[in-house]
Chemist: 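Dumping the structure here so I can ask a few things about it.
Side chains are part of it too, since the values below use all heavy atoms of this structure and drop only hydrogens, waters and symmetry mates. Each chain gets a letter, A, B and so on, in the order its sequence line appears, and its residues count up from 1.
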Amino acid sequence: MDYQYTLLILLLPFLSFLVLGLFGKWMSHKVAGIIGTVSIGVVACLAFYTAYAYFGAGRDADGTFATELPYNFTWLPFYIGNLHFDMGIMLDPITVMMLIVITTVSLMVHIYSFGYMHGERGFQRYYAFLSLFTMSMLGLVVATNIFQMYMFWELVGVCSYLLIGFYYTTAPAVSASKKAFIVTRFADLGFLVGILIYGFYTGTFSFDFTVSGSVREFAGASFILPTALFLMFIGGAGKSAMFPLHIWLPDAMEGPTPVSALIHAATMVVAGVFQVARLFPLWITYAPETLHVVAWIGAFTAFYAAAVACAQSDIKRVLAFSTISQIAFMMVALGVCIPGEHAIIDNHGSLGYMASMYHLFTHAMFKATLFLCAGCIIHAVHSNEMSMMGGMRKYMPVTNITFLIATLAISGIPPFSGFFSKDEILAASFQYSPLMGWVMTGIAAMTAFYMFRVYYGIFWGTENKEYHEEIKAHGHLGEAPLVMTLPLILLTIITIFVGWTLPGTFGSYVSATGQAYVIHLDPKIAITSVVIAVASILLATWIYARSSQPVAERMKAAFPRLHEWAYRRFYIDEIYQFITHRIIFAYISRPLAWFDRHIVDGALNGLASGANGIGERIRPLQSGRVQQYAYVFFLGAVVLFFIMII
Amino acid sequence: MIQIEYFLIVAAVMMFAGIFGFLTRRSTLAILLSIELMLNATDINFAVFNRLMYPAGHEGYFFSLFSIAISAAESAIAIAIMINIYRQMKDISIDKLQKLKW
């Protein structure tokens, strides 16, 4: 079976980026949009065909899907210990799954943007960046080795920067894009150091862990490999917005909403999870303790983000924090995996791996729906603030239904997809420790609560009648055009059906060992989580669904400090501001700047002025008086004459 | 037969008169004359050495001829330069001509 055509999956979006980027200026908006959308549409078809061919090809003798390498060539040799930097395409179950996720969400966002970005300045540039992003993300998931992954990882970061700063004439967008870039760049430093340590000690960058025998020999009782893995995880934590590197993600919502859906909710932010999953065989074999540290970081992040999400009033911020929380769920799921006997992966101990990938898949779909719905609403009311909304169900029925279904999915209500994946995560957590299980169940309940809070805040609750009348007076308050609602409906259909109509279960495609894993719903955990989720939904309904919210007001009044803290995101941004400005800038950067300005610059300036001064001294010799020159020349000749005589 | 030393003494006197004139005169015209004096001193030397020491050859004569031709051309150019300088500055004293330094 060859998969030569998979190269097109990378080439087509790249070509579309080049065409749109170079010639977009002379294109009409429509042509530019169609070029971008058609190319990504073809890529989506190819991705689905790849998935069909790959999973349809059947399993090998050992019950796993074979890892395919359609392309792999040495790009740059390093001349150190036989290391080389390869480029290529690798297909294995999680890659194929990611191909589907990325191309589906990207296609939906491309279609949706036709409506959302209609008439916007820089429309062609927008589509060019979307294409570049899609290419980079696809390159990241098909990477054959960790260095290629790193390269595309950085490309993805650049695209994120470009798209957050799309409205580059507004100050918040500019600072948000810089913040995102600097924070993730800072984290990527850890990734790079991790890669180099790993490569130096194991002699390979390849993801093919079976042939790299040196890993096994070397890693034994060493702490090097866990350190390298943890450093790489820091890079992943930056991309995936784990506490305390999460600060860029809420600000990233300054970008256009479809971009938030594509990059900052569905695809790019799960790159960190994908990275840990990609290196999972190493983690579980050589660094299970470190993996559990990752789990606890994830659990804390999930809790923190959920707590903050409960108090935000900007709907995109709520969704951003719920994204952080859900990605943390995936991290937890990976982190709670326990090695089987003889430190070998088994499907039972590594249930979390499957759960994490499953949640990644379902989350991408329903979170994209949520963001695209939020885009429709923002498009209608021209504001992100919940206080400007309320009662929107009358005006936007399609958005209402799709948002509700996606909210039910994220809350973990059957039969929507989120229920199945979240349930697996909870099962994996309980398997690791009951404490972790209960913590995650509690956070799942918080998820249901804050998601319904925002749902009621938008579609029910107190309607801002004055403002809505004003919008109606100026034009139109109502459902978005079909080009925007169609992606919502398609994504919602996936959310409804993917959990229980997939032939077999998700575990029969993606699992830790590669062998088919049949998902059993643990009735105890499933019932507990559903009951708790329903209870939180009812609580949210009781508090927020009515046209006035006395309970919420009273709660706010009873705990003003807590509400203020949560609203201000527990002052993490202010702490960063303090540390960077007051401590790093004042006590490290300023002395360094002084040193640079006075010592380094001073030395060079001294050199220059010294040369200048010597020149001033020598200059009078060149007097311009011809007779003086002649006299010197004559004396010189006389001296030479006497020297020759002697 | 005149001794070679007498020729050389005359040539040396002309040479040093030229050098002295070159170093001390202020007028560029006088300096040009001094240069001519030095050139003629060397021409005499060429001719004399050829005539009295290597009578079979002619290289010294030729060299003198070349030298005379070159000094004629050089004087023409030098005087042309002086005329131009005079048009610009109304003066051809060497101590006024310091603008082309650096």
Chemist: A quick test of your reading: do over 12 heavy atoms of other residues, nucleotides or ligands sit less than 6.0 Å from OH of A:Y161?
Modeler: no
Chemist: For A:F73, look at atom CZ and say whether over 12 heavy atoms of other residues, nucleotides or ligands are found less than 6.0 Å away.
Modeler: yes
Chemist: Does B:F63 have more than 12 heavy atoms from other residues, nucleotides or ligands lying within 6.0 Å of its CZ?
Modeler: no
Chemist: What is the distance from atom CZ of B:F16 to atom CZ of A:F634, rounded to the nearest 0.5 Å?
Modeler: 5.0 Å
Chemist: If you compare all heavy atoms of B:I31 against all heavy atoms of A:Q627, which two are closest, and at what distance to 0.1 Å?
Modeler: CD1-NE2, 3.6 Å
Chemist: Sort A:Y631 into side chain, backbone, both or neither according to what part of it lies under 4.5 angstrom from a heavy atom of chain B.
Modeler: both
Chemist: Does B:E59 have more than 12 heavy atoms from other residues, nucleotides or ligands lying within 6.0 Å of its CD?
Modeler: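 Open.
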Chemist: Heavy-atom distance under 4.5 Å between the side chains of B:I94 and A:R625, does that happen here?
Modeler: no
